[in-house]
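To start, the structure under review is shown below, and the notes come after it.
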Number of protein chains: 2
Amino acid sequence: MSVVSLHEPSHRETLWELEAAFARGDTVSVFGECTVEYDGRAASSLGPGARLLVLKPDGTALVHTDEGRTPVNWQPPGSEHRAAVRDGRLRVRSTRTNPSETLNVRFSAVDHLAAYAVTGGRSVDVVGSEADLKARILEEPSLVADGFEPQATERETDAGPVDVFGVDADGHPVVVELKRRRVGPDAVGQLARYVSAVEREEPDGTPVGGVLVAPSVTDRAAELLAEEGLDHVAVDRLVAETDGTELEETDVVGDDDTVG
Amino acid sequence: MSVVSLHEPSHRETLWELEAAFARGDTVSVFGECTVEYDGRAASSLGPGARLLVLKPDGTALVHTDEGRTPVNWQPPGSEHRAAVRDGRLRVRSTRTNPSETLNVRFSAVDHLAAYAVTGGRSVDVVGSEADLKARILEEPSLVADGFEPQATERETDAGPVDVFGVDADGHPVVVELKRRRVGPDAVGQLARYVSAVEREEPDGTPVGGVLVAPSVTDRAAELLAEEGLDHVAVDRLVAETDGTELEETDVVGDDDTVG
DNA sequence: TTCTACATATCGGAA
DNA sequence: TTCCGATGTGTAGAA
């Protein structure tokens, strides 16, 4: 049987099915009235309400309310799920170590449980990552500056790895920081940090250039760049991906049986 | 009825029930064999597999595999869900604008659907935030440095808001950056950025101090701090919360009916 | 395991 | 709405 589904089960039935689902390696969805407590890196408490609890075979636990992409409470992969009936409530406790964390979900009533053999598979990123931007820069270094010659990627410095490192037309070192989206002061700080580190490596007085490649920068970021003598080059991910040729949306519109 | 549950429904039944659940404002859990495509800030594709789809009334859509806390694909709150039957498959499409994004989940077979009136409520953080750390510092400024006097929190600079701003025993400006956990080079960069901004505000030659308050720092971060003439003060969240008195775990151990 | 930075980050607060 | 930084960030890749 592919799916096990319990409608308004007793705590004992829920307990039994959770045990079986854990043993099978199923992913479990539980709807019910519960409270949630968490203690670990922080500590929090959630009062009674109707929630969705998802338990994965890799140890992930998610408590969702009716709002938000982020679970209201959770436990990361690698945790261990345990269920028990105590004080007339069904308790699901998920724990992990390093850091030590505990999630406690107490159901006064379980309204529905479903267990199913969910499979894996990663979503293949077809476009849009910082790696795409890097490929584009390496393919056409003049986007950074006329005469720019890349020499290394992920080059290590005392301040961390530089996205693209190279030399300008005068042979002076240039640090390039890539961002896939509009950036603020933090990205300028990151670039400045790498530039400083390279300056410390070079003979005194060697000018070290810094270029922030991003679709756009905030006003404050632009001021900080000017303040630090750093440059911004506007390169959009669309430009990076299409090489000048815009892609058209070709998805078909107009369906039968559409609801929503 | 509190929960609506369909076992191995036809696409038409699924479609009908999704429509009803959307109208009621229910949160929906769908188990089935599907492919997923996403296009928006990035673009990705996920091949056939057995997955869990969660649809919330606020427009959130989550596609979960058997692994990981992060959904393999998703749509943020504010999106609009639509369902349709097309080419013999049940399609759930979730779209939003600004940025324009589309999530497309195509089920070859739906094995289970459950709809339930999930309620809200935020998890109340009882301890452990950066705000706690700030309160602790304001309560006992000498933790930062002997003679330190806080003058403002979230003080604006050209580089952004400073967590705690004050003067040292000599009356010189001091910038304090708070972190609730162990920090790396990025936090040093953030502090350095604020210090630089304050230095630009002050008369030339005014020494501006910078203190990073965090439980600990990485080796590289420590080197960078030294390089920049900045300080680190180790203040743990536990110290911040308990004021010297350690809390004991009082949770009861030893339950009946425990499984897992 | 730890370190380092990316992410379709998400989220909340402020201007 | 944009800006800005915190987050129990999570996650991957490298040392």
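Side-chain atoms are counted along with the backbone in the values below, which use heavy atoms only and exclude waters and symmetry mates. First the proteins, then the strands, lettered A, B, ... as listed; each starts at 1.
Using a 4.0 Å heavy-atom distance criterion, B:Gln190 is classed as a sugar-phosphate-only contact. Note on A:Arg193: only backbone sugar-phosphate atoms sit closer than 4.0 angstrom, heavy atoms only; bases stay farther off. Among the protein residues, B:Glu177 comes within range of the sugar-phosphate backbone only, with heavy atoms under 4.0 Å from sugar or phosphate atoms but none that close to a base. Among the heavy atoms of the strands lying under 4.0 Å from A:Glu130 are primed sugar atoms or P, OP1, OP2 only; no base atom is included. Looking at heavy-atom distances under 4.0 Å, A:Pro185 makes contact with sugar-phosphate atoms alone, never a base. Residue-level contact check: A:Pro99 touches neither bases nor backbone, having no heavy atom under 4.0 Å from any strand. No engagement by B:Ala131 is indicated, since no non-hydrogen atom pair under 4.0 Å with the nucleic acid exists. Nucleic acid contact for B:Arg96: none, since no nucleic acid atom lies under 4.0 Å from a heavy atom of the residue.
Rounded to whole angstrom, the span from the CZ atom of B:Arg181 across to the C1' atom of D:dG10 amounts to 9 Å. Nucleotide D:dG10 holds its C1' atom 12 Å from the CG atom of A:Leu62, rounded to whole Å.
With hydrogens and angles ignored, the 3.5 Å screen pairs no side-chain donor or acceptor of A:Glu228 with any backbone N or O of A:Ala192. Under the 3.5 Å distance criterion, the side-chain polar atoms of B:Ser79 are left unmatched by any main-chain donor or acceptor of B:Arg96.
Ion pairing of A:Glu223 with A:Arg220 is absent here, as no side-chain N (NZ or NE/NH1/NH2) approaches a carboxylate O to less than 4.0 Å. The pair A:Glu154-A:Lys134 meets the salt-bridge criterion, since a charged nitrogen lies less than 4.0 angstrom from a carboxylate oxygen.
The partner of D:dA12, taking Watson-Crick or G-U wobble pairs whose two distances both stay under 3.5 Å, is C:dT4. Base pairing analysis places D:dC3 opposite C:dG13; the two distances defining the Watson-Crick or G-U wobble pair are each below 3.5 Å.
A donor-acceptor contact under 3.5 Å is not formed by the side chain of B:Asp125 with the base of D:dG8. Residue-to-nucleotide contacts include a donor-acceptor pair under 3.5 Å from the side chain of B:Asn73 to the base of C:dT8.
Taking a 4.0 Å limit (strictly below) on heavy-atom distances, residues 216-229 of chain A reaches DNA chain D at A:Thr218, A:Arg220.
Note that the CD1 atom of A:Ile137 and the CG atom of A:Leu143 stand 5.0 Å from one another [nearest 0.5 Å].
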